[in-house]
Number of protein chains: 4
Amino acid sequence: MAEVTQEGIQSKRQAIIEAALDIFAKQGYEETTIAQIAAAAGVAVGTVYLYFHNKREIYTQASIDWTKRMAAALRDPRILSLPVQQVPRAMIETVFRLCHQNSNMMSIFQVDIQSSEELQQHREAEGAITGAVDAFLRSTVESGQLAPFDTMMYAKILFGMVHSALFECFCVQEGRFEEAIQENTIEIVERLFFGPPIASGQRKASIRDERDAL
Amino acid sequence: MAEVTQEGIQSKRQAIIEAALDIFAKQGYEETTIAQIAAAAGVAVGTVYLYFHNKREIYTQASIDWTKRMAAALRDPRILSLPVQQVPRAMIETVFRLCHQNSNMMSIFQVDIQSSEELQQHREAEGAITGAVDAFLRSTVESGQLAPFDTMMYAKILFGMVHSALFECFCVQEGRFEEAIQENTIEIVERLFFGPPIASGQRKASIRDERDAL
Amino acid sequence: MAEVTQEGIQSKRQAIIEAALDIFAKQGYEETTIAQIAAAAGVAVGTVYLYFHNKREIYTQASIDWTKRMAAALRDPRILSLPVQQVPRAMIETVFRLCHQNSNMMSIFQVDIQSSEELQQHREAEGAITGAVDAFLRSTVESGQLAPFDTMMYAKILFGMVHSALFECFCVQEGRFEEAIQENTIEIVERLFFGPPIASGQRKASIRDERDAL
Amino acid sequence: MAEVTQEGIQSKRQAIIEAALDIFAKQGYEETTIAQIAAAAGVAVGTVYLYFHNKREIYTQASIDWTKRMAAALRDPRILSLPVQQVPRAMIETVFRLCHQNSNMMSIFQVDIQSSEELQQHREAEGAITGAVDAFLRSTVESGQLAPFDTMMYAKILFGMVHSALFECFCVQEGRFEEAIQENTIEIVERLFFGPPIASGQRKASIRDERDAL
DNA sequence: AATGAATGAGAGTTCATTCAT
DNA sequence: AATGAATGAACTCTCATTCAT
């Protein structure tokens with residue numbers, strides 16, 4: 001019985017988060033009112049405050065919830081069991097698909113962090129994503145499939161790139177050029193990991209020379 | 001005298017934009033009040049409305065102003081006259097330096113677009129940046145220094161990556177790890193353009209050596 | 001309990017209308033602030049907006065409320081059961097008495113209509129008054145006590161006259177000459193319906209007699 | 001030259017009044033800004049304040065200006081030289097025509113008086129109208145064409161009626177039913193002065209005869 | 001636990017008025 | 001006399017938060 005209540009609490013909490021996620025994504029943080037979230041979640045305004053202390057906490061939790069979904073998608077064993085060369089494409093296609101399905105949910109990343117506690121939570125949530133990417137990168141390095149490099153930093157920077165491409169694709173361009181943006185993003189990552197570099201052509205060696213000369 | 005007035009008007013408008021830029025960057029859009037901007041600009045509240053129709057217009061203009069500064073920095077002839085291999089590093093160092101100087105100004109990119117007019121203005125402003133990068137990329141392709149590719153799309157995606165790295169660096173990490181983030185970002189771009197890809201495991205040692213040598 | 005709530009809501013709404021009516025009458029529409037109305041009604045500013053969408057709606061409702069009181073007073077069976085010759089006096093005395101009691105409430109008619117919806121509401125409310133007068137006039141015509149004429153138009157024009165006399169009496173003259181204005185207004189209407197016309201100089205004495213007899 | 005300046009001043013003052021009259025009539029008092037009036041009058045905002053102390057003074061003067069035009073129209077010798085029986089129709093037709101030409105200028109009477117000084121000025125202005133009517137009524141009484149009555153009070157009440165009919169006609173009904181409202185208003189006044197009263201039911205035919213005989 | 005009516009601080013915005021030029 | 005940029009008080013309206021039920 002306690003468990004049932006527990007579940008009831010959790011489902012109501014989750015309903016609020018999902019309603020919030022949806023409305024925040026559509027309207028942005030400031031334009032969303034608690035009344036709207038409550039109505040969409042099928043509860044009263046006061047009830048929202050039983051589960052969250054204030055509006056920002058709802059936002060933070062919703063944002064983290066969405067980030068966790070991304071991280072979970074990236075940890076999909078079906079992706080990680082692929083040959084290394086196919087993983088970048090699989091990961092990027094996965095996040096594009098996720099955003100495509102939850103079309104305007106990208107804007108959920110747009111609110112700036114205000115308290116250090118929030119920062120901590122956001123870091124943890126983003127860490128789940130970059131951690132997933134990092135885990136993959138590290139494993140490939142360890143197995144000798146990739147040369148050693150700062151995997152965590154690369155994971156962060158590359159996820160930043162993908163994230164920014166997703167934002168451009170689904171927020172700025174509103175879904176137009178999805179194919180082109182996705183494919184070019186994949187191309188960049190694949191080229192970075194598996195080459196050849198753009199400069200290659202026939203003169204790849206000589207470029208090397210020039211760089212060495214610097 | 002007309003010129004003085006003209007200058008006076010422009011300086012007052014500029015003072016408001018600069019005050020706004022500063023406070024928006026510090027506090028975020030919603031947390032910033034017109035009264036604060038007016039006070040910081042040394043004018044009365046009503047005066048702000050002589051130069052801007054509403055709060056969002058101030059934000060948009062301030063944001064564009066900042067974007068233009070970035071674009072201008074990237075168009076610096078001293079960068080473009082460098083050997084191709086040195087340009088990515090020069091560009092990335094430039095924007096990192098600009099953000100370092102205007103520390104918390106990165107967050108100015110964070111507000112989502114609300115009207116199609118705003119979208120148009122933001123596109124133009126961002127287009128100035130990606131256009132600068134694109135111009136460089138195209139010229140290198142045309143001169144045969146780089147193999148052909150979708151330069152505009154690459155410019156957008158890569159600027160997205162750098163921008164997201166800047167945000168991570170100056171907003172999330174508040175300046176910590178600046179060196180590491182900057183260097184890894186440069187490394188990724190250089191590797192992409194001038195290789196070798198990370199996967200070329202057998203040459204691992206030499207790459208390391210080269211990097212250490214730089 | 002539902003009834004209590006219902007009553008509570010209605011009483012609060014009514015309290016706001018009454019407070020508004022009072023302050024609008026004293027100060028005029030534009031000079032009245034929501035804060036004043038809220039204070040006078042004993043509620044918070046926000047509460048006012050729970051019952052009305054905006055300031056004009058408060059005004060419109062208050063204005064209609066007052067018009068309805070007038071209409072109700074004119075429909076008093078005690079008036080309508082009087083002999084026809086006594087009805088005009090009774091009606092005019094009634095509205096003068098009502099305005100006397102709610103001294104400065106006349107000015108509530110002074111704001112011009114702005115939306116077609118408002119126009120519709122005002123027409124309905126004023127229609128309640130002129131309708132009451134018209135109903136009386138029509139019944140007298142139907143019973144042959146008055147010759148046929150455009151009863152609705154007469155009702156409107158004559159109510160306009162009385163209303164304007166009330167405004168002159170209670171707004172412009174601030175209650176002075178109440179007796180004289182009222183009596184002359186009654187005299188005009190009685191003369192119009194039951195004559196003789198002013199021009200019939202020879203019957204002057206008999207008119208006096210008839211009036212004295214009432 | 002001083003005279004020229006004097007004329008210049010007067011013409012500029014008059015230009016402001018006329019611009020104000022027009023815009024007040026169209027938009028109402030509060031919705032009209034000094035900037036609009038200045039623009040319409042072809043002067044700078046500051047200039048308006050050279051001729052009027054504040055916004056209400058402009059309104060008051062404009063309102064008085066319009067009232068004076070009405071009064072002047074009613075004092076037209078062509079009206080006063082008519083046979084007594086034709087004067088009411090002539091006067092009412094005159095004011096309807098004036099309002100028809102300056103269609104929405106009726107609403108200029110709608111703002112309530114706020115200071116006793118304003119009250120005084122409005123009384124004087126309205127006195128010019130009712131005085132004109134009163135003068136006519138008195139002269140007819142003195143010449144024995146009408147029986148004695150409180151001419152001033154009648155003038156006020158009847159002008160109130162006509163004014164209210166004008167408001168109904170041009171503000172509420174926006175010009176519809178102009179003919180019907182005007183004719184019924186005339187009929188009421190003619191009946192009042194020259195009879196017979198409506199109550200003379202069985203004698204309807206003879207009423208017509210009497211009216212034709214006037 | 002759940003409700004939703006009530007709150008009231010605080011925001012953006014307007015515009016009559018001023019005054020240095 | 002004429003200007004119009006600058007002012008800032010004051011307004012309406014919103015909505016996160018509370019709390020009696």
Side-chain angles (χ1 to χ4, degrees), chain A residues 5 8-9 12-13 29-39 41-59, chain B residues 1-2 4-5 8-9 12-13 30-39 41-58, chain C residues 1 4-5 8-9 12-13 30-39 41-58, chain D residues 5 8-9 12-13 29-39 42-59:
Chain A
T5 307
I9 286 174
K12 203 158 272 189
R13 196 189 139 92
Y29 179 76
E30 294 293 341
E31 282 66 38
T32 299
T33 69
I34 302 292
Q36 288 176 325
I37 294 173
V43 299
V45 170
T47 307
V48 174
Y49 283 86
L50 291 177
Y51 297 95
F52 302 91
H53 290 94
N54 52 44
K55 189 181 175 184
R56 278 204 76 84
E57 191 177 311
I58 306 171
Y59 175 79
Chain B
M1 174 130 155
V4 170
T5 306
I9 286 174
K12 200 156 276 190
R13 195 189 138 93
E30 298 291 344
E31 282 66 38
T32 300
T33 69
I34 303 294
Q36 288 175 326
I37 294 173
V43 298
V45 169
T47 307
V48 173
Y49 284 89
L50 287 179
Y51 298 96
F52 303 91
H53 290 96
N54 50 46
K55 190 182 175 184
R56 278 203 78 81
E57 191 175 309
I58 306 172
Chain C
M1 177 138 151
V4 170
T5 305
I9 286 175
K12 202 156 274 188
R13 196 190 138 93
E30 298 291 346
E31 282 66 37
T32 299
T33 69
I34 303 294
Q36 288 175 326
I37 294 173
V43 298
V45 170
T47 307
V48 173
Y49 285 90
L50 286 180
Y51 297 96
F52 304 91
H53 290 96
N54 52 46
K55 190 181 173 183
R56 278 203 76 81
E57 191 176 309
I58 306 172
Chain D
T5 306
I9 286 174
K12 202 159 273 192
R13 196 188 138 91
Y29 179 77
E30 294 292 342
E31 282 65 38
T32 299
T33 68
I34 301 293
Q36 287 175 325
I37 294 173
V43 299
V45 169
T47 307
V48 173
Y49 282 86
L50 292 177
Y51 297 96
F52 303 91
H53 290 95
N54 52 43
K55 190 182 174 184
R56 279 203 76 83
E57 190 176 310
I58 307 171
Y59 174 78

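Labels below follow one simple rule: chain letters A, B, ... track the order of the sequence lines, proteins then strands, and each chain is numbered from 1.
At E/dA6, one or more side-chain N or O atoms of C/Y51 fall inside 4.0 Å of OP1 or OP2 (strictly under the cut-off).
Under the Watson-Crick or G-U wobble criterion, with both distances below 3.5 Å, E/dA9 is paired with F/dT14. Of the nucleotides present, E/dA16 is the one that pairs with F/dT7 by Watson-Crick or G-U wobble criteria, both distances under 3.5 Å. When Watson-Crick and G-U wobble pairs are counted only if both distances are under 3.5 Å, F/dA2 pairs with E/dT21.
When the P atom of E/dA11 is taken as reference, atom CD of B/E30 falls 11 Å away, rounded to whole Å. With rounding to whole Å, A/H53 atom NE2 is found 15 Å from F/dA16 atom C1'. Here the C1' atom of nucleotide E/dA11 and the CG atom of B/N54 are 14 Å apart, to the nearest Å.
The 5' end of DNA chain F is approached more closely, in terms of each residue's nearest nucleotide, by B/G42 than by the other of B/G42 and A/T32. Across the interface with DNA chain F, nearest-nucleotide mapping of C/I34 and B/V48 shows B/V48 to be the residue nearer the 5′ end. Along DNA chain E, the nucleotide nearest to C/V45 and the one nearest to B/A35 differ in position, and the one closer to the 5' end is contacted by C/V45.
Side-chain contact between A/E31 and B/E30: present, with at least one pair of heavy atoms (C-beta onward) separated by less than 4.5 Å.
Within the nucleic acid shown, D/T33 comes within 4.0 Å of sugar-phosphate atoms alone, with no base atom in reach, counting heavy atoms only. Across all strands, A/L50 comes closer than 4.0 Å to base atoms (heavy-atom distances).
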